[in-house]
Structures are given as C-alpha cells and as structure tokens.
Engineer: 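Handing you a structure now.
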Number of protein chains: 2
Amino acid sequence: MALAHAILAVLVDCPNSGYDLAKQFDGSVGFFWAASHQQIYRELSKLEKQGWLSGEIIPQEGRPDKKLYYITEAGKQELQAWIAQPCEPAAIKDDLLVKIFAGYIASPKIILDELQQHRQAHLEKLSIYKTLEQRYFQNLQTLSLAEKFHYLTLLKGISYETDWVAWCDRAIEILR
Amino acid sequence: MALAHAILAVLVDCPNSGYDLAKQFDGSVGFFWAASHQQIYRELSKLEKQGWLSGEIIPQEGRPDKKLYYITEAGKQELQAWIAQPCEPAAIKDDLLVKIFAGYIASPKIILDELQQHRQAHLEKLSIYKTLEQRYFQNLQTLSLAEKFHYLTLLKGISYETDWVAWCDRAIEILR
DNA sequence: TTGACATATGCAAACAGTTGCATATAATTT
DNA sequence: AAATTATATGCAACTGTTTGCATATGTCAA
C-alpha cells in the first residue's frame, strides 16, 4: 500500500489538492512513484476516512473550488513507522527489455527505431531533471535537510536517465 | 498484459515448465519482469487456452511430473506484433525513494542503515550478473543473435545495479 | 522419524492499478 | 459562436498482482 505513503510523503512537506498532487506525480515525484489522478483522488478519500489526512475546501474565484489536504499527526506517525520498516529493492517491469530479450525474432529496424525513441525520451527527462537541479539545488551547503533529501531523489532520477541513455547507445552500437 | 509477453519471450527461446519459468523470473529474467509462480501458472493456463502455447505433460521419475510449454506459431506471431508496437518507458514504483523523499522526518540512523542494506543487496545482484557475463558472454563476436539480445538485457542489469550502488554511496556521503 | 528442502502445480480472496466515462467553471483561441 | 485548454473532482468496470493456502513426491540431514 505504498501509494498511500507516497502521498503522505508529499503532503508532509506541504498541503496540496488532489489536482496539484496529480501534477507532481506526473512530474518529479513521478520518477519514483507513478500514479494517475483517478488513483490519487480515490486514495485521498480513503486516507481522510482513516484519519491520516484532513481535507479543507478552498473556494476559488475564476476557477473551480479545490480541496486542500493536510497530513494529520496520525498520518505523520504512520509515515514514520512505515519508513522505519525495512523494504526490498523495487520490482521491475520493463516492456522494452522484454522486447529486447526476444528482439531477434523481430526486424532489426523495428528494434533500432524503438531504441532510438527510448533514447530520446530518456534524454528529455534527463534534461528536465538537470534543469530542476540547476534551478533549485545549486549548492549543497545552503540546502535545508528536507531539500537535501528531495535532492537525493532528483540525483537518482538523473543517474537513472543517464544510465538509460548510455545503455541505448551501447545497444544500438552492438546491434549495428 | 505484458506478463503474457514476457512468458512468450522466454518460451520463444526454448520450452519450459511453469516451475522452470518461475525460477527464471526469480533470476535473470526477473531483472526486467518480476512475477510469482502463482501468477505464472495462471497465465500459462490462459495462454494455452488462447492457443499461444501448447503444453505437454512429461512423466518423471523420482520427482513430480511436469508440464512443458511450447510457443505456438500463433504465439510467436502475437509476440512479434507486440514487439512491433511502440511502448513507453516503464513506470517506476520505488519504496526506498519514497522513504528518502520524506527521509528528514525519520532518524538519520534508520535512513543510513536502510541505504547500507540496499547498497549491499544491489552489490550482490551485481556480482551475480557479472558472473553470468563472464560465464556466458565472454566475447561478443562469437555470440549468436539471440545471445546478443539476451546479453543486452544483462548489460542493462549490470549498469542498473552499478548505478544503484553508486547512488547509495553518494547518498550516504551527502547525509553523513 | 521428524523436519526441512527441492521439485512441481494450482485455487481463491483481497488488494492495487488501468481505462473509460462524467461533470463543472472559466479563459483563450479559432 | 464554437472549440480547445487548464483547472478541479470523481465513479465504475475491468484487469492485474499479491498473499495465503493447498497438494503431492522424493531426498537429505538432524
């Protein structure tokens, strides 16, 4: 049930609406936890009923009202307890690598095109992450503790995408 | 429905029983697709009903009988069609990075211990993959096409684990 | 001889995630 | 005036995954 904890992890930093959460899960948070807005809204209701979050409707002008969620003391304690439990490295499910595993039954062009496209996609993510790094995490010394931890997840995002780009290059080289 | 395709991708190389498949999904194939034996057996029945696989019961002595699954022509065509469709980079769900994102609410010791444990786990995987590399993929030139593709997935496994170990080191360094 | 381990297969319930649909306001573009 | 985009929220059906349980044979060690 780690979507719950991913939401708590974002809200412990600052309150957010479901819409804002969905945008974050589509952006930098999405690097380590993917979730759709439908999933997020459903989970938020559940977490509010459980008492880990409290919601407050904020009337807005010029746009629909929104519901801001705050983490409760119980929610924070739950998050702390969850963090303290050891966890396993993440399970991987990667379509591209399944394709590559059986790549010899397809035409080389199809495989090479797919590799090129993935290379491009990873390069774009990498560029976004590097922009974030330059904008928000210029010098380590001045960062707050919370910022340091956020930066660590960004660093993983950067090395993850860098590694993918390098592997695509190598794969293309080997197959050509 | 990519578990189906991951199974087809293994069986297109050579026939296997559910038990053997489960072991492979727990080993090197597990690097790019994680699946439990329950999932695998259920999926195998489904794929046989669909006509993508055919199963043959092999009587054995000194151990329970097993059922060997072969990919059918229809199954191979399905796999080829699936490979030809473009796919997105894999969605990530990583418990450890969720923990790190909110790591500032936990005690430093808990975080550092968890980082050390993950570093160790990734190092062990890396060692297994490097052993496989030395044993089966010594020189690129002599590899068959199928082996080259299999090697590419192993290469990704190696760089993935290497990247994790490096990140753990960096994270521990920054937090200390 | 009891217990653990390896081989070998599978069901069923609970939980999580995806996909398609639905609604509503307001600004901007065509 | 109509279409599109951004904001904002959510339900329902389906599909996929996890967890716990269940069964059966044979070997090896305590």
Side-chain angles (χ1 to χ4, degrees), chain A residues 1-8 15-27 29-30 32-50 53 55-69 82 85 87-95 98, chain B residues 1-8 11 15-27 29-30 32-50 53 55-69 82 87-95 98:
Chain A
M1 208 184 36
L3 170 58
H5 298 98
I7 290 173
L8 292 174
N16 271 290
S17 66
Y19 187 78
D20 292 331
L21 276 168
K23 274 199 295 183
Q24 286 193 62
F25 275 82
D26 194 43
V29 172
F32 56 85
W33 207 273
S36 63
H37 76 271
Q38 292 95 329
Q39 236 183 310
I40 290 165
Y41 284 117
R42 197 190 323 106
E43 199 67 30
L44 284 170
S45 304
K46 219 166 95 184
L47 293 176
E48 194 183 8
K49 269 180 207 147
Q50 263 180 298
L53 298 181
E56 185 193 353
I57 289 161
I58 309 288
Q60 296 190 116
E61 279 167 36
R63 56 177 67 176
D65 295 350
K66 69 177 172 181
K67 191 169 175 183
L68 257 192
Y69 287 94
W82 179 78
Q85 280 183 280
C87 65
E88 296 298 305
I92 298 167
K93 304 208 167 173
D94 195 298
D95 282 3
V98 174
Chain B
M1 207 186 33
L3 170 57
H5 297 99
I7 289 173
L8 292 174
L11 294 182
N16 271 290
S17 66
Y19 188 76
D20 292 332
L21 277 167
K23 273 199 295 185
Q24 286 192 62
F25 275 82
D26 194 42
V29 171
F32 56 84
W33 206 275
S36 63
H37 76 270
Q38 292 95 330
Q39 237 183 309
I40 289 166
Y41 284 117
R42 195 181 337 97
E43 199 67 30
L44 284 170
S45 304
K46 218 166 98 185
L47 292 176
E48 194 183 9
K49 269 181 206 146
Q50 262 180 299
L53 298 181
E56 184 195 350
I57 288 162
I58 309 287
Q60 296 191 119
E61 280 168 35
R63 56 176 69 176
D65 295 351
K66 69 176 173 181
K67 192 170 178 184
L68 257 192
Y69 286 95
W82 179 77
C87 66
E88 297 296 307
I92 298 169
K93 306 209 166 171
D94 195 300
D95 282 5
V98 173

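Reckoned from all heavy atoms, side chains included, excluding hydrogens, waters and symmetry mates. First the proteins, then the strands, lettered A, B, ... as listed; each starts at 1.
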Engineer: Checking all strands, does B/Ser45 fall into the base, sugar-phosphate, or nothing category for heavy-atom contacts under 4.0 angstrom?
Structural biologist: nothing
Engineer: Just how far, in rounded Å, is C1' of C/dA14 from NZ of A/Lys46?
Structural biologist: 11 Å
Engineer: When the distance from NZ of A/Lys93 to P of C/dG17 is rounded to whole Å, what number comes out?
Structural biologist: 11 Å
Engineer: Using the closest heavy atom to pick a nucleotide of DNA chain C for each, name whichever of B/Tyr69 or A/Ser36 lands nearer the 5' end.
Structural biologist: B/Tyr69
Engineer: Ignoring hydrogens, what is the shortest heavy-atom contact between A/Ala22 and A/His37? Give both atom names and the distance.
Structural biologist: CB-CB, 3.8 Å
Engineer: With sequence neighbours left out, write down each residue that passes salt bridge (charged side-chain N to carboxylate O under 4.0 Å, His left out) with A/Lys67, or none if nothing qualifies.
Structural biologist: A/Glu48
Engineer: Determine whether A/Glu43 and A/Ile40 satisfy the following criterion, side-chain contact (heavy atoms from CB on, under 4.5 Å), listing intermediate values before the conclusion.
Structural biologist: CA-CA 5 Å; A/Glu43 199 67 30; A/Ile40 290 165; 5.8 Å; no
Engineer: If you apply the rule side-chain contact (heavy atoms from CB on, under 4.5 Å), what do you find for A/Leu44 with A/Leu21, and how did you get there?
Structural biologist: CA-CA 10 Å; A/Leu44 284 170; A/Leu21 276 168; 3.8 Å; yes
Engineer: Please confirm whether any donor atom in the side chain of A/Gln38 sits under 3.5 Å from an acceptor in the base of C/dG20, or the reverse.
Structural biologist: yes
Engineer: To the nearest Å, how far apart are A/Ile7 CD1 and C/dG17 P?
Structural biologist: 10 Å
Engineer: Verify side-chain contact (heavy atoms from CB on, under 4.5 Å) between B/Trp82 and B/Leu8, making sure each step is shown before the conclusion.
Structural biologist: CA-CA 11 Å; B/Trp82 179 77; B/Leu8 292 174; over 6 Å; no
Engineer: What range of DNA chain D does chain A touch, first nucleotide to last, counting atoms under 4.0 Å from its heavy atoms?
Structural biologist: D/dA6 to D/dT17
Engineer: Measuring from the side chain of A/Pro64 (C-beta onward, heavy atoms only), which nucleotide among C/dG20, C/dT18, C/dT25 has the closest atom?
Structural biologist: C/dT25
Engineer: Step by step, would you call A/Trp33 with B/Asp95 a side-chain contact (heavy atoms from CB on, under 4.5 Å)?
Structural biologist: CA-CA 8 Å; A/Trp33 207 273; B/Asp95 282 5; 3.3 Å; yes
Engineer: For A/Arg42 and A/Asp65, find the nucleotide of DNA chain D closest to each by heavy atoms; which residue's nucleotide sits nearer the 5' end?
Structural biologist: A/Asp65
Engineer: What parts of residues 19-27 of chain A reach DNA chain C, counting only heavy atoms under 4.0 Å away?
Structural biologist: none
Engineer: State the CG-NE2 distance between B/Leu47 and B/His5, to the nearest 0.5 angstrom.
Structural biologist: 8.5 Å
Engineer: Within this structure, what is the CZ-CG distance for the pair A/Phe25 and A/Asn16, rounded to the nearest 0.5 Å?
Structural biologist: 9.5 Å
Engineer: Measure from CD on A/Gln39 to C1' on C/dT18 and round the result to the nearest Å.
Structural biologist: 8 Å
Engineer: Is any side-chain N or O of B/Gln60 closer than 4.0 Å to OP1 or OP2 of C/dT7?
Structural biologist: no
Engineer: Let me know, please, whether A/Leu3 or A/His37 comes out on the 5' side of the other along DNA chain C by nearest nucleotide.
Structural biologist: A/Leu3
Engineer: Rounded to the nearest 0.5 Å, what separation is found between the CG atom of B/Leu68 and the CG atom of B/Leu53?
Structural biologist: 11.5 Å
Engineer: Can you check whether any acceptor in the base of C/dT28 is under 3.5 Å from a donor in the side chain of A/Arg63, or vice versa?
Structural biologist: no
Engineer: Rounded to the Å, how far apart are B/Leu44 CG and C/dC11 P?
Structural biologist: 12 Å
